[in-house]
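Each remark here refers to the structure printed beneath this line.
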Amino acid sequence: MKTKILVTGGTGYIGSHTVVELQQSGYDVVIIDNLSNSNREVLDGIEKITGIRPEFVEGDCTDIDTLRKLFTDHPGIKGIINFAASKAVGESVQKPLLYYRNNLMTLVNLLDLMPQFGVEGIVFSSSCTVYGEPDVNPIDESAPIKPATSPYGNTKQICEEIITDYIFAGAPIKSIILRYFNPVGAHPSAYIGELPNGVPNNLVPFLTQTAAGIREKLTVFGTDYDTPDGSCIRDFIDVVDLAKAHVVAMKRMLDRNDTDNIEIFNLGTGRGLSVLELIASFERATGVKVPYVIGERRAGDIEKIWAEPTKANTVLGWKAETDIDDTMRNAWRWQCKLPK
Ligand code: UD1
């Protein structure tokens with residue numbers, strides 16, 4: 001019998017790519033999503049790629065009764081991957097309670113119900129934002145957690161602490177916390193990808209929309225940083241590589257009894273790329289020019305951060321392998337399929 005996994009936020013950007021990888025690895029998937037930042041057509045995309053339509057429940061994980069009904073209606077769920085969360089840094093500053101309610105209550109509800117319904121493990125989506133501005137790069141998992149600079153970042157830190165405290169208190173569950181660097185790109189089939197709401201805040205969707213003529217020009221937020229070309233440096237990781245890490249983490253958590261009940265992994269490439277280098281990669285990969293101007297620094301931006309992914313490489317046996325030009329090509333193919 002196939003192992004059944006609940007993917008919260010499974011029609012979202014990283015969630016949908018992970019559902020594809022789970023199904024292709026032989027897992028049965030149930031999705032819950034409130035469609036606040038995605039839509040039902042994502043299910044069609046998943047089905048086109050995998051030939052399997054995942055079970056879908058439209059609902060909000062902040063409501064514990066909805067979750068209780070889901071676990072009752074879908075007995076035998078062994079693992080959860082929790083993507084259901086709000087993720088816009090700027091919005092979190094404007095609407096902190098929305099972020100604390102969504103991100104914290106969802107996690108607390110899931111943890112609360114896991115033992116009652118025999119769910120053994122939860123993979124949690126965290127972020128490199130917990131490191132703040134690193135003292136050294138590349139940064140590994142033992143680096144200190146810095147005070148959060150936004151309510152969004154704070155929710156990631158608090159969620160990590162909630163899981164740790166719950167397992168320390170003897171809860172009969174396991175967890176793997178994954179700290180993502182900057183996920184970018186889309187599935188090579190171009191059936192699923194990122195669907196930003198309104199004007200994108202993140203670099204790659206803004207870049208591809210500019211290349212498509214939807215936005216007039218991209219603004220590079222600052223070229224006076226202490227980096228070789230002056231623009232900020234990030235660890236851009238292909239979303240399919242990232243999705244695959246979740247499958248490996250789930251397998252490790254559920255199938256092995258010799259691992260710690262809580263483990264933390266950085267998910268990055270180990271390669272820092274500047275904003276200007278990323279634009280160059282896009283232009284090289286697609287042959288499309290991106291009109292851009294140099295602008296002011298964006299408040300709250302980190303100068304440079306990239307991952308030391310050795311722990312994930314050796315312990316999980318996972319490695320980010322996609323070439324950045326291929327990632328940019330996939331992001332562009334996806335953009336070209338979206339309505340203007
Ligand atoms: C932020 C969050 C991260 C979160 C991610 C996805 C922080 C510190 N980082 O990452 O936790 O997971 O969003 O939501 O909270 N840029 C431009 N022009 C643009 C847009 C971006 O130059 O129009 C630059 C930014 O200044 C930055 C880089 O591109 O240097 C990446 O920005 P972005 O894609 O927004 O991601 P982060 O801020 O790194």
Side-chain angles (χ1 to χ4, degrees), residues 9 12-15 37 83 85-94 96 99 102-103 124-134 137 139 145-160 177-185 194-211 214-237 239 242 266-269 272-282 290-307 324 327-328 331:
Y13 175 43
I14 305 172
N37 196 23
F83 295 107
S86 304
K87 61 159 192 180
V89 177
E91 183 188 48
S92 81
V93 177
Q94 305 299 324
Y99 277 67
N102 269 355
N103 298 6
F124 179 72
S125 304
S126 190
S127 166
C128 69
T129 194
V130 301
Y131 299 122
E133 181 81 55
N137 276 301
I139 188 155
I145 301 299
K146 299 264 180 76
T149 53
S150 71
Y152 158 76
N154 207 20
T155 65
K156 293 298 174 194
Q157 296 192 1
I158 297 170
C159 283
E160 289 197 3
I177 291 171
L178 300 175
R179 292 179 178 156
Y180 311 153
F181 283 67
N182 286 59
V184 293
E194 195 168 4
L195 278 173
N197 243 339
V199 182
N201 293 306
N202 295 119
L203 177 61
V204 171
F206 202 102
L207 186 158
T208 57
Q209 288 193 8
T210 307
I214 299 168
R215 313 273 158 217
E216 197 194 331
K217 55 183 184 300
L218 169 73
T219 303
V220 174
F221 296 137
T223 50
D224 57 351
Y225 286 100
D226 181 20
T227 60
D229 66 22
S231 64
C232 290
I233 294 179
R234 294 290 183 274
D235 188 333
F236 297 100
I237 172 168
V239 67
L242 187 75
N266 279 347
L267 295 184
T269 65
L273 216 61
S274 75
V275 173
L276 291 174
E277 284 173 326
L278 191 80
I279 297 171
S281 160
F282 178 88
V290 184
Y292 70 86
V293 292
I294 310 296
E296 297 289 304
R297 290 182 176 198
R298 181 172 71 176
D301 266 343
I302 285 164
E303 182 171 85
K304 44 181 180 269
I305 182 164
W306 65 97
I324 189 67
T327 301
M328 289 295 102

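In this chain, numbering begins with 1 at the start of the sequence shown. Atoms within a ligand are numbered from 1 in the order they appear, just like the ligands themselves. Keep in mind that what you see is a predicted model, and the values were worked out from it rather than measured.
- The side-chain heavy atoms of Tyr292 and Leu276, taken from C-beta on, include a pair separated by under 4.5 Å.
- Nearest protein heavy-atom neighbour of atom 27 (C) of ligand 1: Arg234 NH2, 3.7 Å.
- Close contacts between ligand 1 and Val220 involve ligand atoms 22 (O) [criterion: under 4.0 Å to a heavy atom].
- Among Leu203, Thr219, Val89, the residue whose heavy atom sits closest to atom 1 (C) of ligand 1 is Val89.
- Within ligand 1, the atoms closer than 4.0 Å to a non-hydrogen atom of Ile302 are 8 (C), numbered from 1 in the order shown.
- For the pair Ile302/Pro134, a side-chain contact is recorded, criterion being any heavy-atom separation below 4.5 Å from C-beta on.
- With hydrogens left out, the protein atom closest to atom 15 (O) of ligand 1 is Thr129 OG1, 3.2 Å, a heavy atom.
- The closest side-chain donor-acceptor pair between Tyr180 and Ser125 falls under 3.5 angstrom.
- Contacts between Val275 and ligand 1, counted as non-hydrogen atom pairs separated by less than 4.0 Å, involve the side chain only.
- With ligand atoms numbered from 1 in the order given, ligand 1 contributes 30 (O) to contacts under 4.0 Å with heavy atoms of Cys232.
- The protein heavy-atom contact nearest to atom 11 (O) of ligand 1 is Ser127 OG, 2.9 Å.
- Side-chain contact of Tyr13 with Asn202: a donor-acceptor pair under 3.5 Å is absent, judged by distance alone.
- Remark: among candidates Tyr152, Phe236, Tyr131, Phe206, the nearest residue to atom 12 (O) of ligand 1 is Tyr152, based on non-hydrogen atoms.
- Annotation: atom 33 (P) of ligand 1 to nearest protein heavy atom, Asn202 ND2, 3.4 Å.
- At the shortest separation from atom 16 (N) of ligand 1 among protein heavy atoms lies Phe221 CD1, 3.6 Å.
- The single protein non-hydrogen atom nearest to atom 32 (O) of ligand 1 is Arg298 NH2, 3.3 Å, given as residue, atom name and distance.
- Side chain to side chain, Glu91 and Tyr99 meet the donor-acceptor criterion of an N or O pair below 3.5 Å.
- Between Lys304 and Asp226 there is a side-chain heavy-atom pair separated by less than 4.5 Å.
- Counting the atoms of ligand 1 from 1 in the order shown, those under 4.0 Å from a heavy atom of Lys87 are 14 (O).
- For ligand 1 and Asn201, the ligand atoms under 4.0 Å from any heavy atom of the residue are 20 (C), 35 (O).
- In this structure the side chain of Lys156 reaches within 4.5 angstrom of the side chain of Phe124, judged on heavy atoms.
- Nearest protein heavy-atom contact of atom 10 (O) of ligand 1 is Asn182 ND2, 3.9 Å.
- With a 4.0 Å heavy-atom cut-off, ligand 1 is reached by no atom of Arg297.
- Below 3.5 Å of separation, one finds an N or O of Asp301 facing an N or O of ligand 1.
- Ser127 places none of its side-chain heavy atoms less than 4.5 Å from the side chain of Lys87.
- For a threshold of 3.5 Å applied to N or O pairs, the pair formed by Val204 and ligand 1 contains no separation below that value.
- When each of Thr327, Asp235, Asn182 is paired with Thr269, the side chain to side chain donor-acceptor pair (under 3.5 Å) condition holds for Asp235 and for no other.
- Side-chain contact check for Val204 versus Met328: some heavy-atom pair is nearer than 4.5 Å.
- At least one side-chain heavy atom of Ile279 sits less than 4.5 Å from a side-chain heavy atom of Val220.
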